[in-house]
> 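Can you read through this structure? Questions will come right after.
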Amino acid sequence: MAELLDPTTLRHYAQQLGLRPTKTLGQNFVVDANTVRRIVSLAEVGPEDVVLEIGPGLGSLTLGLLETGASVTAIEIDRRLADILPGTVATHQPGREAMLRVLSADAMAIGELPAPAPTRLVANLPYNVSVPVLLHMLARFPSWQAGLVMVQLEVADRLVAPPGSKVYGVPSAKLAWYADAERISTVPASVFWPVPKVASGLVRLTRHQPPSTSASREEVFRVIDAAFGQRRKMLRSALAGIAGGSAAASKAIAEAGLEPTARGETVDIAGFAAIAERLAAVN
Ligand code: SAM
């Protein structure tokens with residue numbers, strides 16, 4: 001039995017389950033072993049790692065991760081998929097079953113993980129919830145320091161966008177609180193079953209210290225949400241609601257060293273943190 005899943009074997013498991021992949025759960029499974037090995041190699045996973053995987057599905061990527069000798073903690077919302085995963089590992093990589101922990105749960109609702117704590121995150125994220133799931137994993141489980149996620153190409157571009165870019169927005173700014181992000185490769189739609197409409201991108205994440213500020217993450221994120229909630233507006237109007245008026249917003253923005261007439265898409269995470277700090281000081 002091959003160590004990784006080929007298209008025929010994957011379809012066979014899906015058929016046995018009577019699985020009809022759903023768009024709601026973003027169920028597009030990787031059917032190409034070379035793609036799996038490329039992802040695992042770009043993720044730089046090694047035997048010392050404890051990998052957190054979201055949405056293992058039929059196990060394509062999970063088997064690739066286990067092949068390196070790493071252990072894997074996998075969170076899968078679809079109970080049928082979660083239930084068959086240990087058996088799939090036992091069949092394709094006998095002896096490695098003990099290296100896998102599967103939680104059948106919604107990744108966004110998970111507050112605790114079994115020990116040992118993850119060192120890396122590697123996931124082909126469910127497309128419709130990729131950003132909130134990623135932000136939740138960053139906030140809730142600070143032990144992992146590096147990661148590689150596969151997301152829709154357009155989402156990949158938004159995640160890595162710098163200030164000033166057309167696609168810089170809430171996901172880019174919030175992700176920058178936690179990590180450096182780099183789009184390192186693309187993955188064609190043809191390696192998935194079912195074949196999605198768009199290609200995917202691989203984003204490498206490297207944790208860094210959040211900007212140094214006395215404002216809390218929640219306070220900074222509130223400023224980001226407000227700044228992009230009214231994207232075309234100048235910061236002083238966009239932030240008026242949370243600052244208690246446009247004059248108070250202007251003051252906080254200027255004290256943070258920024259132009260009150262600037263727009264949110266030009267402000268980096270350190271700038272948002274500085275504004276939040278000034279707002280917290282006066283409120
Ligand atoms: N990792 C597999 C692969 O590469 O072939 C499957 C990836 S598929 C894009 C996304 C997976 O995430 C599906 O198995 C789906 O059931 C699961 N999923 C969707 N929403 C989820 C959630 N909120 N929490 C955990 N898993 C979820």
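In this text, all values refer to a predicted model and were calculated from it rather than measured experimentally. Every number for a ligand or one of its atoms is a count from 1 in the order of the listing.
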> What atoms in ligand 1 come closer than 4.0 Å to a heavy atom of Phe29?
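By the 4.0 Å cutoff, the relevant atoms are 5 (O), 6 (C), 14 (O).
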> Any heavy atom of Gln27 closer to ligand 1 than 4.0 angstrom?
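It does; at least one heavy atom falls under 4.0 Å.
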> Could you tell me if the side chain of Ser246 sits less than 4.5 Å from the side chain of Ser237, heavy atoms only?
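No, side chains not in contact.
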> Side chains of Arg236 and Thr261: do they bring a donor and an acceptor to under 3.5 Å?
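Not at all, the side chains of Arg236 and Thr261 share no donor-acceptor pair under 3.5 Å.
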> Show the atoms of ligand 1 that are less than 4.0 angstrom away from any heavy atom in Ala107.
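Going through ligand 1 atom by atom, the ones under 4.0 Å from Ala107 are 22 (C), 23 (N), 24 (N), 25 (C).
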> Answer yes when Arg204 and Asp180 have at least one side-chain N-carboxylate O distance shorter than 4.0 Å, and no when they do not.
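So Arg204 does not pair with Asp180 through a salt bridge.
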> Suppose I only count heavy atoms of Ile75 and a 4.0 Å limit; which atoms of ligand 1 are within that range?
25 (C), 26 (N)
> Numbering the atoms of ligand 1 from 1, which are under 4.0 Å from a heavy atom of Asp106?
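In order of numbering, the contacting atoms are 22 (C), 23 (N), 24 (N).
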> Would you mind checking which non-hydrogen protein atom is closest to atom 9 (C) of ligand 1, with the distance to 0.1 Å?
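I find the closest protein heavy atom is Gly26 O, 3.0 Å.
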> Indicate yes or no: does Arg37 engage Glu67 in a salt bridge with an N to O separation below 4.0 Å.
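Looking at Arg37 and Glu67, the cut-off is met.
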> Write out the residue and atom name of the closest protein heavy atom to atom 20 (N) of ligand 1, then the distance separating them to 0.1 Å.
Pro126 CG, 3.5 Å
> Would you call Ala123 a ligand 1 contact, heavy-atom distance under 4.0 Å?
no
> Salt bridge between Arg140 and Glu112, side-chain N to carboxylate O under 4.0 Å?
yes
> Using distance alone, with no hydrogens and no angle criterion, decide if Glu277 and Thr213 have a side-chain donor and acceptor under 3.5 Å apart.
yes
> Quick one: which ligand 1 atoms are inside 4.0 Å of a heavy atom on Asn28?
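Those of ligand 1 that fall under 4.0 Å from Asn28 are 7 (C), 8 (S), 9 (C).
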> Are any of the side-chain heavy atoms of Leu134 and Leu121 separated by less than 4.5 Å?
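Yes. Closest side-chain heavy atoms under 4.5 Å.
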> For ligand 1, which atoms sit closer than 4.0 Å to a heavy atom of Glu53?
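With Glu53 as reference, the close atoms of ligand 1 come out as 1 (N).
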> Who's the nearest protein heavy-atom neighbour of atom 17 (C) of ligand 1, and how far?
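Going by distance alone, atom 17 (C) of ligand 1 is nearest to Glu76 OE2, 3.4 Å.
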> Any N or O of Leu125 that comes nearer than 3.5 Å to an N or O of ligand 1?
no
> Using a strict cut-off of less than 4.0 Å between a Lys/Arg side-chain nitrogen and an Asp/Glu carboxylate oxygen, indicate whether Glu218 and Arg222 qualify as a salt bridge.
no
> Out of Gly55, Pro56, Ser200, who is nearest to atom 12 (O) of ligand 1 when you count heavy atoms only?
Gly55
> Donor-acceptor pair, Ser143 side chain versus Pro118 backbone, under 3.5 Å?
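Checking the backbone N and O of Pro118 against the side chain of Ser143, a donor-acceptor pair under 3.5 Å is found.
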> Does Phe221 reach the side chain of Val170, with side-chain heavy atoms less than 4.5 Å apart?
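They are not in contact (no side-chain heavy atoms under 4.5 Å apart), so the answer is no.
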> I want to confirm something. Looking only at heavy atoms, which of Ile77, Asn128, Val36, Leu58 is nearest to atom 27 (C) of ligand 1?
Ile77
> Numbering the atoms of ligand 1 from 1, which are under 4.0 Å from a heavy atom of Leu81?
14 (O)
> Could you list which atoms of ligand 1 come closer than 4.0 Å to a heavy atom of Ala105?
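So the atoms of ligand 1 that pass are 24 (N), 25 (C).
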